[in-house]
Amino acid sequence: MEIEKNNLFLKGLSNYIRVYDNILPEEVIKNFYKICKENKNFKDSKIVYDNGTDGVDKKVRDTKIWPLKNLNEKSKTSIHWCNLLLYSFTNKVNEYIGSVAGNSFSCQILEMQVLRYKKNGHYTFHIDHSRATPRTLSCIFFVNEDYEGGELIFKTPTEHETLKIDKKANRLIIWPSNFLYPHTVMPVIEGIRYSVVTWAL
């Protein structure tokens, strides 16, 4: 993680952005990456507005999603990967809560999506919590790193300084979903960026 300026306030904020590496065994992450590349179930992602409506707006968010579910799901592939990732991410969410809040609260993962960003794919600055989508913690898991662009960047309250997360396959980032953590996915320049997003409440 890079902090562009040495600022104690920014360091305080960044303490709540945690990075966990090597979430899955090497062979497992390779297999999951292969499944992501072969999957035909990606569809246009929607934006959920505060009033509860949703829609596709590629100026704001240009990516495709593959929802991972383990209930009411016909695909055994989706069920398998949903359960495996759910188990791995839940362990890290619990570890995160213990390290930043001493287990003073608990969270449960709500949903999980695989995201595919092709060339020029991006997501403008946003926060994950709203009235329509109440969330406590946000997680992004980097599936691969063989692409250019697509950086995950957090905006700080000063707006002149940013926090950039270095891309690395098999890396999970967890942070609070609230208004202090607006973030963006920069446009992909070359290649395809795969990631998994999930939220806990």
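Keep in mind that the numbers below use all heavy atoms, side chains included, and drop hydrogens, waters and symmetry copies.
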Say you draw a straight line from [atom1] of [X] to [atom2] of [Y]; how long is it, rounded to the nearest 0.5 Å?
X	Y	atom1	atom2	answer
K74	K69	NZ	NZ	10.0 Å
C36	L115	SG	CG	10.0 Å
H122	T184	NE2	OG1	8.0 Å
I109	C139	CD1	SG	6.0 Å
L163	S14	CG	OG	6.0 Å
R18	N15	CZ	CG	6.5 Å

Salt bridge (Lys or Arg N to Asp or Glu O under 4.0 Å): which pairs involve [range], sequence neighbours left out?
range	result
residues 189-201	K119-E190
residues 83-103	K92-E95
residues 102-111	E111-R135

Less than 3.5 Å apart, which donor and acceptor atoms pair up between the side chains of residues 19-29 and the rest of the protein, not counting sequence neighbours?
| unit_1 | atom_1 | unit_2 | atom_2 | d |
| --- | --- | --- | --- | --- |
| D21 | OD1 | R171 | NE | 2.6 |
| D21 | OD1 | R171 | NH2 | 3.4 |
| D21 | OD2 | R171 | NH2 | 3.0 |
| E26 | OE2 | K30 | NZ | 3.4 |

Report task. With sequence neighbours excluded, give me every ring-ring contact (aromatic ring centres under 6.0 Å, His included) pair touching residues 128-150. Result -> F89-F141
Query - Results of side-chain hydrogen bond (donor to acceptor under 3.5 Å, both in side chains) for N51 - residues two or more places apart only - result: T53
Requested in this report: With sequence neighbours left out, write down each residue that passes side-chain hydrogen bond (donor to acceptor under 3.5 Å, both in side chains) with T136, or none if nothing qualifies.
Outcome: none
Excluding sequence neighbours, so at least two apart, what forms salt bridge (Lys or Arg N to Asp or Glu O under 4.0 Å) with [X]?
X	value
K37	none
D44	K58, K64
K46	none
K118	none

Report task. Would you please say whether a donor-acceptor pair under 3.5 Å links the side chains of S138 and S177? Result -> yes
Query raised in the report: Taking atom types as modelled, is there a side-chain donor on N170 or Y33 under 3.5 Å from an acceptor on the other?
Result: no
Query raised in the report: Just by distance, do the side chain of E151 and the backbone of I153 share a donor-acceptor pair under 3.5 Å?
Result: no
Requested in this report: Given side chain to side chain contact (heavy atoms under 4.5 Å, CB included), test L152 with F154 step by step and report yes or no.
Outcome: CA-CA 7 Å; L152 173 62; F154 290 86; 4.1 Å; yes
Query raised in the report: How about Y117 and I192: do any of their side-chain heavy atoms sit closer than 4.5 Å?
Result: no
Query raised in the report: How are the rings of W66 and F42 set to each other: parallel, tilted or perpendicular (split at 30° and 60°)?
Result: perpendicular
Requested in this report: Just say parallel, tilted or perpendicular for the rings of W175 and H183, cut-offs at 30° and 60°.
Outcome: perpendicular
Query raised in the report: Hey, which of V143, I140, L172 is the one that makes side chain to side chain contact (heavy atoms under 4.5 Å, CB included) with V196?
Result: V143
Let me have the donor-acceptor pairs involving side chains of residues 80-88, under 3.5 Å, with sequence neighbours excluded, atom names and distances please.
| unit_1 | atom_1 | unit_2 | atom_2 | d |
| --- | --- | --- | --- | --- |
| N83 | OD1 | N70 | ND2 | 2.7 |
| N83 | ND2 | I79 | O | 3.3 |
| S88 | OG | L84 | O | 3.1 |

